[in-house]
Amino acid sequence: MAEPVGRRLRGVVPALLALALGAGAVVVGTAAPASAALPGTVTPAESTGLTTDTPMFTEATVSEACPEHYRARVGVFLAVDGLERYLAASTTVGAPYDQAPFTFGMPATGTRSLASWLGTTGADGTYEIRVRCMPAAGDPDHPVDATLYFPFLIQVTGENWELVRADPEATELTVTAEPAGQVVVNKEYSLTARVTPAGAAGTVEFERSGRPLGTVTVTDGVAVLEERAGANPASEPVTATFQASDVAAYAPSTTTFSYPVVAEASMDVRDENEDVIAPESTLEPGQTLTIIATGYTAAETVEVAIADSDAEFENATADATGSVTGYELTIPEDLADGDYALTMTGATGGTVNTFAFSIGDEGDEGDEGDEGGQDGDGDEGGQDGDAGGADAGGQRGDAGGAGALGGSDGGSLGGDAGGGGGGGQGPLASTGSSVLSLGILSALLIGAGAVVVHRAHRSGRLRVFGPPTRG
């Protein structure tokens, strides 16, 4: 008997042995086909046995007939490690297999046991057995088709195998992404897959349009893929597939979701001359702008608006690269002076590009207002008024002061009026008081001088003034 082939020898090119069986060929090992099997069920006569049994079972019943031109023979194969190993290369017992159901018997010779392929230790697990419908030997028009088979599952434990009768428990797979919605080129992201029920062990494979992104082992019902986005935008959906470790216990599940890769967000605004307009520039009502914006998904609707404005604009549509190009916008004629923000927002991905601008020259208007305030409030005007008041008040104050020295009531009134004309009583009141004080002081000095002269003359000490005084 040939040496057993271990389960862990993945990727080994199978040996092909041709055994004369009429004009047919017997394939010892071939790559297992990935396409779906024929609909139908297989029920072996024995539901359990030893992995060393040859043949594995004596006969089996299939619920559906084999396809036309493929009813002359059947073969029985073990799918393991991506390859097919034959248990019965070909049998015609019970042929033709054109009835539903039909029963076929295993041949007396040319069979192999499970153990001859799996070994007798370390092979525990669930395996798929395939009953393949085959054409008549030597049929030149209908070669063997690897996709035409009816599958059933067995569970191997030690040296025993058992038919898996119950349908595996259904599973559900959900995926969330961070950041949510989309990811920017060359940025890190994570995809979190959650499997229900949480006890279903296995792996989750992520791919985008057939390109693998990674395979992650499920732990406590969760599998997290951490990756970095590619350098180019991509809009194809992502597919996640859960495959249970025990396919007899848990069915596979798949989900597809949108998670595009987008370019960095940017916004370029130009005027009628195709000159770039810098952000926070001052624009004019009626001015036409041409806009280029990036960061959206392919064919995404992009909503255009001016914040704090009632103006309405047509939506833009991103191209296949996620860019909006050549979008023209006219500033509304009735847009009041002030600061504004032009926004372009992706309707699905949420990318927002913003361009700040102003209408009107608010800074110059403020300066002019300050100058007008000086003229009106009167730094300059006030100075003129003060000067004029001082002159007028001073003149009248002088007149009033003279009247006061003369003891006239009218002079006092004139002094008060002069002070009022100057816009305050301080300067004029001070002038009148000084004149009055000077007059009184002069009178006192004159009187004091007269007394001194008189006494000196009488005492004889003042001799230059006339004859001596008689005693």
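One is the number of the first residue; the rest follow in order along the sequence. What you see below is based on every heavy atom in this structure, not just the backbone, and it leaves out hydrogens, waters and symmetry mates.
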Donor-acceptor under 3.5 Å (Ser323 side chain, Thr325 main chain)
no
Please report the C-alpha distance between Met106 and Thr91 in whole Å, then the side-chain angles of each, then the deciding distance to 0.1 Å, and finally whether the side chain to side chain contact (heavy atoms under 4.5 Å, CB included) criterion is met.
CA-CA 6 Å; Met106 295 289 274; Thr91 181; 5.7 Å; no
Answer yes or no: are there more than 12 heavy-atom neighbours, outside Asp275 itself, under 6.0 Å from its atom CG?
yes
So do Tyr250 and Ser245 actually touch side chain to side chain, heavy atoms under 4.5 Å?
no
Do Asp220 and Val222 have side chains that get closer than 4.5 Å, going by heavy atoms?
no
More than 12 heavy atoms of other residues, nucleotides or ligands under 6.0 Å from CG of Asp268: is that the case?
yes
With distance as the sole criterion, is a donor-acceptor pair present between the side chains of Thr343 and Thr354 under 3.5 Å?
no
Glu274 atom CD, neighbour heavy-atom count above 12 within 6.0 Å
yes
Is the shortest side-chain heavy-atom distance between Val62 and Tyr97 below 4.5 Å?
no
Check whether any side-chain N or O of Arg73 sits under 3.5 Å from a backbone N or O of Thr92 as a donor-acceptor pair, and report yes or no.
no
Between CD on residue Glu284 and CD on residue Glu333, distance to nearest 0.5 Å
10.0 Å
If you compare all heavy atoms of Gly326 against all heavy atoms of Thr290, which two are closest, and at what distance to 0.1 Å?
CA-CG2, 4.0 Å
Test your reading of the model: is there a side-chain donor-acceptor pair from Gln287 to the backbone of Asp271, 3.5 Å cut-off?
no
Take Val76 and Met56 through the side chain to side chain contact (heavy atoms under 4.5 Å, CB included) test and state the conclusion after the steps.
CA-CA 10 Å; Val76 181; Met56 175 187 170; 5.9 Å; no
Would a 4.5 Å heavy-atom cut-off, applied to side chains only, mark Arg85 and Arg112 as touching?
no
Measure across Pro285 and Pro332 and return the closest heavy-atom pair with its distance rounded to 0.1 Å.
CB-O, 3.5 Å
Would you give me the side-chain donor-acceptor pairs under 3.5 Å for residues 195-219, sequence neighbours excluded?
{"from": "Arg208", "atom 1": "NH1", "to": "Glu236", "atom 2": "O", "distance (Å)": "2.6"}
{"from": "Arg208", "atom 1": "NH1", "to": "Tyr259", "atom 2": "O", "distance (Å)": "3.1"}
{"from": "Arg208", "atom 1": "NH2", "to": "Tyr259", "atom 2": "O", "distance (Å)": "2.9"}

Using 0.5 Å steps for rounding, measure from the CG atom of Asp53 to the CG atom of Leu114.
8.5 Å
Derivation of the side chain to side chain contact (heavy atoms under 4.5 Å, CB included) call for Glu84 and Arg130:
CA-CA 9 Å; Glu84 284 187 345; Arg130 298 173 177 178; 2.8 Å; yes
Student check: side-chain heavy atoms of Leu329 and Val304 closer than 4.5 Å
yes
Any side-chain heavy atom of Leu173 sitting closer than 4.5 Å to one from Thr241?
no
Side chains of Thr348 and Glu300: any donor to acceptor distance under 3.5 Å?
yes
May I ask you to decide if Cys66's main-chain N or O and Arg71's side chain share a donor-acceptor pair within less than 3.5 Å?
yes
For the side chain to side chain contact (heavy atoms under 4.5 Å, CB included) test, which of Ile277, Thr282, Leu289, Ile306 pairs with Phe357?
Ile306
For residues Met344 and Ala293, report the shortest heavy-atom separation together with the two atoms involved.
SD-CB, 4.0 Å
Taking all heavy atoms of Gly75 and all of Phe77, pick out the closest pair and write down the distance.
C-CE1, 3.7 Å
Hey, is the main chain of Thr330 close enough, under 3.5 Å, to the side chain of Thr288 for a donor-acceptor pair?
no
Quick one: pull up NE2 in His142 and CG in Leu148 and give me the separation to the nearest 0.5 Å.
11.0 Å
So, does Thr157 use its side chain to make a donor-acceptor pair with the main chain of Asn160 at under 3.5 Å?
no
CH2-CD distance between Trp161 and Glu46, expressed to the nearest 0.5 angstrom
6.5 Å
Would you say that more than 12 heavy atoms from the other residues, nucleotides or ligands in this model lie under 6.0 Å from the CD of Glu272, or not?
yes
So Ser253 and Glu172, side chain to side chain contact (heavy atoms under 4.5 Å, CB included) or not? Walk me through it.
CA-CA 6 Å; Ser253 53; Glu172 182 179 0; 5.8 Å; no
Atom CD in Glu159, atom CG in Asp124: separation rounded to 0.5 Å?
10.5 Å
Glu162 (side chain) donor-acceptor with Val156 (main chain) under 3.5 angstrom:
no
Main-chain N/O of Glu264 paired to Thr294 side chain as donor or acceptor, under 3.5 Å:
yes
Quick check: closest heavy atoms across Glu303 and Asn315, and the distance to 0.1 Å?
CA-OD1, 3.6 Å
Less than 4.5 Å apart, side chain to side chain, heavy atoms only: is that true for Ile291 and Leu342?
yes
Will you find, in the side chains of Ser358 and Asp339, an N or O donor that is under 3.5 Å from an N or O acceptor?
yes
Please name the residue in the list Thr301, Thr345, Thr351, Asn353 that meets the side-chain hydrogen bond (donor to acceptor under 3.5 Å, both in side chains) test with Tyr296.
Asn353
Could you measure the distance from the CZ atom of Phe150 to the CZ atom of Arg132? Nearest 0.5 Å is fine.
11.5 Å
Quick check against the 3.5 Å criterion: does Trp117 have a side-chain atom that pairs as donor or acceptor with the backbone of Tyr86?
yes
Between Phe104 and Phe57, how do the two ring planes meet: parallel, tilted or perpendicular, split at 30° and 60°?
perpendicular
Side-chain heavy atoms of Thr171 within contact of Pro252, under 4.5 Å:
no
Check Ala45 against Thr58 and note the closest heavy-atom contact, atom names and distance.
CB-OG1, 3.9 Å
